[in-house]
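Right, one structure below, let's go through it.
Labels below follow one simple rule: chain letters A, B, ... track the order of the sequence lines, proteins then strands, and each chain is numbered from 1. Below, each value reflects all heavy atoms present in this structure, side chains not excepted, and no hydrogens, waters or symmetry copies.
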Amino acid sequence: MSFPDIEYQMKMIMRGVEEIIHEEEMRVRLRKSLDTGVPLRIKLGVDPTASDIHLGHMVTIRKLKHFQELGHTSIFLIGDFTARIGDPTERSDARMRLTKEQVWEHAATFKSQVFRILDEEKTELRNNGEWFDNMTFADCLDLAYRSTVARMLERNDFEKRYKEGNPISITEFLYPLMQGYDSVALKCDVELGGTDQKFNLLAGRDLQIQHGRPPQIVMMTPLIEGLDGSKKMSKTEGNYIAVDDAPEDMFGKTMSIKDDLIVKYFNLLTDVDDDEIRRCGQALNEIEKHQDPDDPYHPMQIKKVLARSIVKEYKGSDAAAMAEAHFERVVQRRETPKDVPLVYVNLPRMLAYEVVSQCASTSKAEARRLIVQGAVRIDGIRVSDPMTEVDFGVDEKGLQVGKRKFYRLTLKTE
RNA sequence: GGAGAGGUUCCCGAGUGGCCAAAGGGAGCAGACUGUAAAUCUGCCGGCGCAGCCUUCGGAGGUUCGAAUCCUCCCCUCUCCA
């Protein structure tokens, strides 16, 4: 196996990396693999605690991909076992325990999402149940012996929870050790993670040394802010763009990020080259010079480029183009989208709120509110009385609820 | 094992016998505005056959005309002592 020269590799690897421990070790490792022709082993572990992979995960997954493209061995580790304990990172209270079944369900959907980006052929897909499932209690004690309570309490998450009188389960103390042991078991040269993972990542180095192996290099990527613009993108916050989102949603959600985040998103989620990103950043700092909406450096145009490249990466160019057209049509021009789902109704005449409740699957109270608030249009005409009667004749009726939900209604005929 | 504190609607958190479907904040939704699904402002924010009724304040019983609020038992969490 041959690899590109070290400086080229470093450039690829280091893009968007916030911290590396240690850069010099990385060079030494790369040198060695270049000399011996043996690829490095790069690990990224993800616990299947939820079924959606979102762009926050993709920052590290894309990094894994970069290594893969350079010819190294990318290991995607599914934490099927650790998911049942829960990573205490950034938690303010103990996690709910998941059952084995839930975990496997999530894991299955993970794979399909991850391999949109990673080359399945070249990826070493592992799960940590491989070694943890068969550990004896004695093995477990041996692992626990490797650290101390004081070390654990050094961690901010724990210290804070402890001080605030929130519960910390003993198993959560075990978590960093388990993640670290993954690195021992997989003989990792490098482990990737977000900056919030520092403690867990470093645990891997300690354990590797204790097992007489060279410590892994730890590479941390920045956390990416979600749609609310301040909190980190996460399932819990609901501020995320999911890999499985429909192309239009993915595009629209990207368009809704704060302007300040554009450059960061470019850096971490696209392969757009550095110079171009710099030009965009420059333009965003001088908005007054780019007031013409057709100017390619108008903030909205820049954001469209971003949205397009993100959607393209996961859904392909055609879908990206369609998503963009959809955005222009529905959001910018406030027109009805092209593909409106057809919904069958059972009765020839219904009250407006019943129609809304049925189609948009809201409660009836919610439907009434929406109507009163002016969110509902039937055939383009705003309906403001929930008790308005709607007749379903031969023709379809168009229903709009809020800005983004559209339905075509037609009477079900046997 | 002993002593104390606490578990409230999606989340945080107020409420200690009727005025409580339960303050306030966050999230969410809607309207206006906008390059934008941003920001801001305004409104909504348990359900239903909706001026009324039903379900909710860890769980199960009980007291009372009436309970998130009082009593009993149970479950869970935290703190201190051992």
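- With both pairing distances under 3.5 Å, B:rA67 is matched to nothing as a Watson-Crick or G-U wobble pair.
- A sub-4.0 Å separation between OP1 or OP2 of B:rA32 and a side-chain N or O of A:Arg382 is present.
- Across all strands shown, B:rG35 has no partner, as no Watson-Crick or G-U wobble contact with both distances under 3.5 Å is found.
- Using a 4.0 Å heavy-atom cutoff across all strands shown, A:Tyr162 reaches sugar-phosphate atoms only and no base atom.
- Nucleotide B:rA60 forms a pair with B:rU72, judged by Watson-Crick or G-U wobble geometry with both contacts under 3.5 Å.
- With both ends at atom P, the span from B:rU64 to B:rC75 equals 28 Å, rounded to whole Å.
- Pairing for B:rC50 is absent, judged as Watson-Crick or G-U wobble with the two contacts each under 3.5 Å.
- Going from the C1' atom of B:rU56 to that of B:rU9 covers 7 Å, rounded to whole Å.
- Residue A:Gln373 places a side-chain atom within donor-acceptor reach of the base of B:rG43, judged by atom type and a 3.5 Å distance cut-off alone.
- In this structure, the nucleotide among B:rC48, B:rA32, B:rG35 sitting nearest to the side chain of A:Ala365 is B:rC48.
- Using a 4.0 Å heavy-atom cutoff across all strands shown, A:Gly252 reaches at least one base atom of the nucleic acid.
- The structure places CZ of A:Arg404 at 9.5 Å from NE2 of A:His326, a figure rounded to the nearest 0.5 Å.
- Side-chain to base pairing of A:Asp259 with B:rG35: one donor and one acceptor N or O lie within less than 3.5 Å of each other.
- Remark on RNA chain B: of its neighbouring residues A:Leu227 and A:Arg368, the 5'-side contact belongs to A:Leu227, judged by nearest-heavy-atom nucleotide.
- Atom CZ in A:Arg377 sits roughly 13 Å away from atom P in B:rA30 (whole-Å rounding).
- Of the candidate nucleotides B:rU34, B:rG47, B:rU36, B:rU36 has the atom nearest to the side chain of A:Phe327.
- With a 6.0 Å cutoff to the six-membered ring centre and a 45° limit on the axis angle, A:Arg368 counts as a cation-pi contact of A:Tyr353.
- Within the shown strands, nothing qualifies as a pairing partner of B:rU55 under the Watson-Crick or G-U definition with both distances less than 3.5 Å.
- Counting non-hydrogen atoms of neighbouring residues, nucleotides and ligands closer than 6.0 angstrom, the CD atom of A:Gln210 exceeds 12 such neighbours.
- Atom pair A:Arg333:CZ and B:rU36:P shows a separation of 12 Å (rounding to whole Å applied).
- Summarising the geometry, the separation between CD1 on A:Ile262 and P on B:rU36 is reported as 14 Å, rounded to the nearest angstrom.
- Side-chain N/O atoms of A:Arg369 include one lying less than 4.0 angstrom from OP1 or OP2 on B:rG47.
- B:rU40 sits 30 Å from B:rG46 when the C1' atoms are compared, rounded to a whole Å.
- Whole-Å rounding puts the A:Leu306 CG to B:rG35 P distance at 20 Å.
- Listed candidates were B:rG35, B:rC48, B:rC45. Nearest to the side chain of A:Ser363 is B:rC48.
- As judged by a 4.0 angstrom heavy-atom cut-off over every strand, A:Gln301 is placed among residues making no nucleic acid contact.
- The side chain of A:Ala375 has B:rG31 as its nearest neighbour among B:rU36, B:rG31, B:rG49.
- Atom CD1 in A:Ile257 sits roughly 14 Å away from atom C1' in B:rA39 (whole-Å rounding).
- Pairing for B:rC10 goes to B:rG26, judged as Watson-Crick or G-U wobble with the two contacts each under 3.5 Å.
- Nucleotides B:rU16 and B:rC57, compared at atom C1', are 13 Å apart to the nearest Å.
- The side chain of A:Lys364 sits closest to B:rC48 out of B:rG35, B:rC48, B:rA30.
- The backbone N or O of A:Val340 lies less than 3.5 Å from a partner atom in the side chain of A:Arg408, making a donor-acceptor pair.
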For A:Gln208 and A:Ser183, what are the C-alpha separation, side-chain angles and deciding distance, and is it a side-chain hydrogen bond (donor to acceptor under 3.5 Å, both in side chains)?
-> CA-CA 7 Å; A:Gln208 283 172 315; A:Ser183 294; 4.8 Å; no

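- Side chains of A:Gln179 and A:Gln197: a donor on one and an acceptor on the other come within 3.5 Å.
- Comparing the P positions of B:rG15 and B:rC20 gives a spacing of 15 Å, expressed to the nearest Å.
- Under the 6.0 Å distance and 45° angle rule, A:Lys253 counts as a cation-pi partner of A:Tyr240.
- Rounded to whole Å, the P atom of B:rC45 lies 15 Å from the corresponding atom of B:rA21.
- Of all nucleotides present, none satisfies the Watson-Crick or G-U wobble test against B:rC45 with each distance under 3.5 Å.
- The nearest whole Å value for the distance from the CD1 atom in A:Ile170 to the P atom in B:rU77 is 12 Å.
- Nucleotide B:rC78 has B:rG4 as its partner under the Watson-Crick or G-U criteria, with both atom distances under 3.5 Å.
- Mapping A:Val376 and A:Val330 onto RNA chain B via the closest heavy atom, the residue that lands nearer the 5' end is A:Val376.
- Distance check on atom P: B:rG26 versus B:rG43 gives 13 Å, rounded to whole Å.
- The A:Pro299 side chain lies nearest to B:rG35 when the options are B:rA38, B:rG31, B:rG35.
- For A:Arg334, whose side chain is taken as the heavy atoms from C-beta onward, the closest listed nucleotide among B:rC33, B:rG49, B:rG35 is B:rC33.
- Nucleic acid contact for A:Glu248: base, since at least one base atom lies under 4.0 Å from a heavy atom of the residue.
- For the pair A:Lys253 and B:rU36, the criterion of a side-chain N or O lying under 4.0 Å from OP1 or OP2 is not met.
- From A:Leu268, atom CG reaches atom CD1 of A:Ile224 across 5.0 Å, with rounding to the nearest 0.5 Å.
- Across the C1' atoms, B:rC12 and B:rA27 are found 11 Å apart, a figure rounded to whole Å.
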